[in-house]
Number of protein chains: 2
Amino acid sequence: MTTSAVASSDLSPRKRRFREQMHQAREDAIVQAVNRLLAEKGFESMTVDEVAYEVGIAKASLYKHFPSKEHLAAAAMVRILEQTLAHLDGLDDALPPLDKLKSVTQWAMRVHLRGEMPLLPSENSSLRATLMGHQAYLDLLIQVSDRLGEWIEQAQANASLHSGLPPIVVLYTLFARACDPVLGFMKASGQFSDEQIVTLVLSTCFDGLT
Amino acid sequence: MTTSAVASSDLSPRKRRFREQMHQAREDAIVQAVNRLLAEKGFESMTVDEVAYEVGIAKASLYKHFPSKEHLAAAAMVRILEQTLAHLDGLDDALPPLDKLKSVTQWAMRVHLRGEMPLLPSENSSLRATLMGHQAYLDLLIQVSDRLGEWIEQAQANASLHSGLPPIVVLYTLFARACDPVLGFMKASGQFSDEQIVTLVLSTCFDGLT
DNA sequence: GTCTATACTAGGATAGAC
DNA sequence: GTCTATCCTAGTATAGAC
């Protein structure tokens, strides 16, 4: 019996759990770093070296956890979608659907302004391929879309949302607001507080410019 | 006297003009290719090799015209800003300011949908440095911003545009609509014609979702 | 100012020891 | 599963002939 076999399977249940927790904690740290770097520089400008440096481990160790840069990005997307879903779950069910939609949008904009919204290029094809083959990502994306889709239809039914717009257009518009470069421009201008930005952009999104 | 001196300065005025036209035509071809590739893949994913291949010249020849990849991108931005300015100049001066703003926005969205809107990452720092040092680019950006800014203030004065919004927020919002990923999403969904997309997004932008 | 050929570097990924 | 050291490709940029 090899030492590695001893290390991996001859441990007490308590020690095994401890190992798994350590493992999980490290992966969380990795994904969090990836998330931050994606928010700051985007996928192409983020380097795996930076990720490794930020986490404080060797690059080769990263690749034991995730097989490619694309999978790192996918993990960050899974993380943000899980957080989104958690936010949706936390909303008071009694709220009118329009208010729920506004609440998610506000939450997403705040995440963005905190520098924690991972931004992916829609063009990059190797990244797209990985995402489209990533079951957990796809499942979460569908879950979030379905939840929002329901609220959109309810809001259109009670006329609080313009019913001439195809629901998918509303959905895309809300998704896009979470990544809107306008948030960054306004922040960079230094003329507005984060909460002012949220208020103003929420208003342009739902009420329009006119 | 060297042959290169002969080639460059001992020509008749007619031949000199011809040379300059050829030179200009080639640069136009380069910038047009850059523009298209920036629209398709963005700055980081565009390679200088591709540009050279698309234009049909050697990569080294590109570098005789433009000193760096960043300068290629800057030239594409100058080009699109010139076209924007041309569109602004072409508008009927009698139009209400709000209609002028809508017209530019529509025009920009159509350019985007045709795959001719160069998309630059706001994060990339070497690119930012080049742009901020590029006088022609800065001048044009200011010209466009000023023209739009006037119309925004006029539209707010005659109450056709919501006057609670700082003009700069309206300006950023209009700029962002030209690059909005929503356009790409809707096009990719295959459910809408380009003109439907323009109409729908123009509506969400000016009238809001509610 | 165009070409071919090449220099140089960044960055994604892996080998192999422990 | 962590490390150090290395591989290797892609991609920006240049040298030097014509």
Side-chain angles (χ1 to χ4, degrees), chain A residues 2-11 15-16 18-30 33-34 37-38 41-75 124-127 129-130, chain B residues 2-11 15-16 18-30 33-34 37-38 41-75 124-127 129-130:
Chain A
T2 71
T3 49
S4 76
V6 168
S8 65
S9 60
D10 279 3
L11 292 170
K15 283 185 180 169
R16 172 88 64 89
F18 179 74
R19 288 249 165 141
E20 279 162 9
Q21 277 179 13
M22 285 296 91
H23 183 87
Q24 189 57 45
R26 192 133 27 206
E27 294 211 338
D28 285 351
I30 294 170
V34 169
L37 286 167
L38 283 179
K41 354 185 30 162
F43 181 72
E44 325 271 358
S45 297
M46 175 186 85
T47 71
V48 179
D49 288 278
E50 284 171 323
V51 177
Y53 175 80
E54 184 133 328
V55 180
I57 64 178
K59 183 160 58 163
S61 305
L62 268 190
Y63 279 95
K64 298 283 178 179
H65 290 273
F66 299 93
S68 73
K69 183 184 179 185
E70 283 75 15
H71 284 82
L72 284 174
N124 188 304
S125 56
S126 73
L127 180 55
T130 298
Chain B
T2 69
T3 49
S4 75
V6 169
S8 66
S9 60
D10 279 1
L11 291 172
K15 281 187 182 169
R16 170 90 64 88
F18 179 74
R19 288 251 165 142
E20 280 162 8
Q21 276 178 16
M22 286 294 91
H23 183 86
Q24 189 56 45
R26 190 134 26 208
E27 293 210 340
D28 285 351
I30 294 171
V34 170
L37 285 166
L38 283 179
K41 357 188 22 162
F43 180 74
E44 325 271 359
S45 298
M46 175 187 85
T47 70
V48 179
D49 288 278
E50 283 172 324
V51 178
Y53 175 81
E54 185 135 328
V55 180
I57 64 178
K59 185 161 55 166
S61 305
L62 268 191
Y63 279 95
K64 298 282 177 178
H65 291 272
F66 299 93
S68 73
K69 183 183 177 183
E70 283 75 15
H71 284 82
L72 283 174
N124 188 304
S125 56
S126 73
L127 180 55
T130 299

In this structure, how many angstroms lie between the [atom2] atom of [N] and the [atom1] atom of [X], rounded?
{"X": "A:Asn124", "N": "C:dG12", "atom1": "CG", "atom2": "C1'", "result": "13 Å"}
{"X": "A:Leu62", "N": "C:dA15", "atom1": "CG", "atom2": "C1'", "result": "17 Å"}
{"X": "B:Glu44", "N": "D:dA10", "atom1": "CD", "atom2": "C1'", "result": "15 Å"}
{"X": "B:His71", "N": "D:dT12", "atom1": "NE2", "atom2": "P", "result": "15 Å"}
{"X": "A:Leu37", "N": "C:dG12", "atom1": "CG", "atom2": "C1'", "result": "16 Å"}
{"X": "A:Glu27", "N": "D:dG1", "atom1": "CD", "atom2": "C1'", "result": "11 Å"}
{"X": "B:Lys59", "N": "C:dC8", "atom1": "NZ", "atom2": "C1'", "result": "12 Å"}

So if I take the C1' atoms of five pairs at each end of the helix from C:dG1-D:dC18 to C:dC18-D:dG1 and get each local axis, what angle do the two axes make, rounded to 10 degrees?
20°
Side chain of [X]: nearest nucleotide among [options]?
{"X": "A:Lys64", "options": "D:dA13, D:dT2, C:dG1", "result": "D:dT2"}
{"X": "A:Glu70", "options": "C:dA13, D:dC3, C:dC3", "result": "C:dA13"}
{"X": "B:Val48", "options": "D:dT12, C:dA13, C:dG1", "result": "D:dT12"}
{"X": "A:Ile57", "options": "D:dC3, C:dG11, D:dA13", "result": "D:dC3"}
{"X": "A:Ala60", "options": "C:dG11, D:dT4, C:dC3", "result": "D:dT4"}

Report yes if at least one side-chain N or O of [X] is closer than 4.0 Å to OP1 or OP2 of [N]; otherwise report no.
{"X": "A:His65", "N": "D:dG1", "value": "no"}
{"X": "B:Tyr63", "N": "D:dT14", "value": "no"}
{"X": "B:Ser61", "N": "C:dC3", "value": "yes"}

Reading DNA chain D from 5' onward, which residue's closest nucleotide shows up sooner: B:Pro67 or A:Arg26?
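First, find each residue's nearest nucleotide; the 5'-ward one identifies A:Arg26.
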At under 4.0 Å between heavy atoms, what does A:Lys69 touch on the DNA or RNA strands: base, sugar-phosphate, or nothing?
sugar-phosphate
